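First comes the structure, then the notes that go with it.
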Amino acid sequence: MVCTRMLQPRPITTHFRPLLQTLTTTGFTAAAELNTILERLRVGPTRSHLNEALSIFYSPNSSPSHSPKSYAILFHACARLGCVDVGQALHQHMLTHNPIAIQDLYTANHLLNLYSKSGQLDCAHQLFDEMCRRNIVSWTSLISGYAQSGKADACFSLFSNMLAHYKPTDFAYASVLSVCDGLRGKQVHALALKTGYNVFVYVGNALIGMYTKNSEISVYSDENEAWRVFNDMEFRNIVSWNAMIAGFQMSGQGDKAMKFFTMMHSDGLGFDRATLVTVLSLLSSQCDLSWSLKFCSQLHCVTLKTGFVLDVEVVTALIKAYSFLEGNIGDCYNLFLEVRGHEDIVLWTEIMATFSETEPEQALFLFSQLHTEGLIPDSYAFSVALKACAGFVTERHASVVHCQVIKAGFVDTLVLENALIHAYGRCGSIAQARQVFGEMRLKDVVSWNSMLKAYAFHGEPDEALKLFESIDVEPDATTFVALLSACSHAGMVEEGTRIFNSICGKHRIAPQLDHYACMVDLLGRAGQIFRAEEIIRQMPMKPDSVVWSALLAACRKHGEYQLATIAASKLNELDSGNSLGYVVMSNAYFSLNNFDEAHLTRKQMKWLGVRKEPGLSWTEIGGRVHEFASGGQQHDLGEAIRTNLLDLVKQLKKLGYTPLTSLVLHDIEEEHKEEQLYFHSEKLALMFILMNAKDPHCKSGVVRIMKNIRICLDCHNFMKLASQLVQKQIIVRDSNRFHHFLGGICSCNDYW
Ligand code: ZN
Ligand code: ZN
């Protein structure tokens, strides 16, 4: 009768024994006491109530209380508290002490529910088969168990079998719908319409979920079943709205999802955590960043008003949205501090990710705090830490995290190997990047792309092209961006053009905006400006600001001012905050002796509040990162560095250094122009390193500097001569690539 095959009775030797020994209760008082506790358990089960109840239940005098009802209440509590082991022991106890209790339908159903809920489906199904009586609750229990475990076939067949005996409940409908494919889903929908169950909110919500999951139509219209179900629902609740919002999200219609949320809010329907998390996740798919950022702040206000700002999941989603939208990093950190006490690795990883690009030191500090908070980093946390390592001047940090990755047993994790290649490549150790790449057991397209990008960044186009020849996965759009930029950094026009033509030819990939931008850059740098312009004219899509700035930079390099005017006005139109257009144009007008226009351009720049991105450089001495801004005033030793730097300039002038004052805006005095050039951030950083030459960290023959924007021609000349004078290798990583200066020449061959 009962499932004796799977469970042999065994003596109860659980941890309740010590408690039992202290109990001196008689059978009668035990039963009375147990009833009180069971009643408490029935209403609101807690682990301590359960333990207390079991102590009395298992005591020698308590046999009168081993009624089916007592078992039922205890099974129910075990199911609620997720204590399947305790439940199983009770089941064994029942088989030994009161075997006929299982014939009680109420008790059997509770046991069935316990097994179903905890995913012990073999036990559940066996019990179901052996039950002498079953009712709708028994069927629904097992159906929902299969649904929760995602066993679609078993769930659907059980649901079909049930129809011969009972009309399904709304809960059974919802369960089976959650695992249905499109065809079965329609059959269940038809049945719900026939039986009138479609009017139940619970069923309607499940139908929306089912259609959303299986929908082939991406646009919500009357043709779409999910939308039709939602529209036809007489009563809806928050879950119905959430299901529709999730549907919009899955079909890539973020704007509609947000409108829905706004309607929910303004109609006073309220929302829950799921609504907020979904809507926040949508913000990263919106094109209009400033609108999204505003919307994000409004959502932030809403969370403050409703108290959701203390919900760790909501806060994680808020931080993610703010950081994607380039919102205030301080706001993100404050949000994090509010809920910091929650030991949640997802939250910690998100705040690390927020800092990883702009403040990698802070990201790594948080990473180091994980252990003290009792959290164990997962592979995602490691990949974020490695992303931060990519932002340092040396590979020291990447090596440290690499060791931790090995210790944590993630050594063969593909995403982490890819992140390591990226980190080593970015912080200057191409050899280590190559080693990780070489030792990988499995590589995907990201691995190949990361290695190709590392070669491009280090100005090694031959290595990149050689590697590409041995690629054994299908290349994607990023692969070609890496190859084209490798060619671009070396002026390999022929090779680049051949690769560009092969994208849609041999590889059947439609060239994207990035590929066109690379080609404009490649041709423009090589002085083939009109071929670059031709590419822009032939582009099937609208050129963006990246394309126009590439052309503009080429015009500036080759003195092509006529075309520069067009490119600058296009750039100003698309990206009015970009200073490049104004600077190039004002200099162009000066060169053409058109002083009025030149002054007007400068004034326009001022009126519009456009500022040149301040040049920043970093270097690391004694494990500390030092930051330098152009001018050097911010640094503690600013004055000393400037004085020493002027001395160095004097010595370099003897070697042939001539300040390129034409690079400075024309409307300042010649003398000030020179000064502006001398105090560019990378020159200050170099001087600081030379001043600390006695520090053991600076004794090696290699000097490393990192820069946020492209190195200017004057600094490039300066570094070449300085490497000759001080007899050291100077490695400068600018926003585009690495420059290795040694003995008066640069690895880029003056082509960057
Ligand atoms: Zn410079
Ligand atoms: Zn260079």
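We count ligands from 1, going down the list as the structure has it; atoms in each ligand are counted the same way. Values below: all heavy atoms of this structure, side chains included; hydrogens, waters and symmetry mates excluded. Quick caveat, the model's predicted, so the values are computed rather than measured.
Looking at Glu620 and Arg396, a side-chain N of the basic residue comes within less than 4.0 Å of a carboxylate O on the acidic one, giving a salt bridge. Under the 4.0 Å criterion applied to side-chain N and carboxylate O atoms, Asp462 and Lys466 are not assigned as salt-bridge partners.
Relative to the six-membered ring of Tyr678, Lys683 misses at least one condition, a distance below 6.0 Å or an angle of at most 45° to the axis.
Phe718 contributes atom CZ, which lies 5.0 Å from atom CG of Leu645 (distance to the nearest 0.5 angstrom).
For Lys453, the side-chain contact (heavy atoms from CB on, under 4.5 Å) test picks out Thr478, Ala482, with sequence neighbours left out.
Relative ring orientation between Phe480 and His515 is described as perpendicular, the plane-to-plane angle rising above 60° on a 0-90° scale split at 30° and 60°.
The Zn ion (ligand 2) lies closest to atom ND1 when only the N/O/S atoms of His739 are considered.
Around the Zn ion (ligand 1), the protein N, O or S atoms found under 2.8 Å comprise His680 ND1, Cys712 SG, Cys715 SG.
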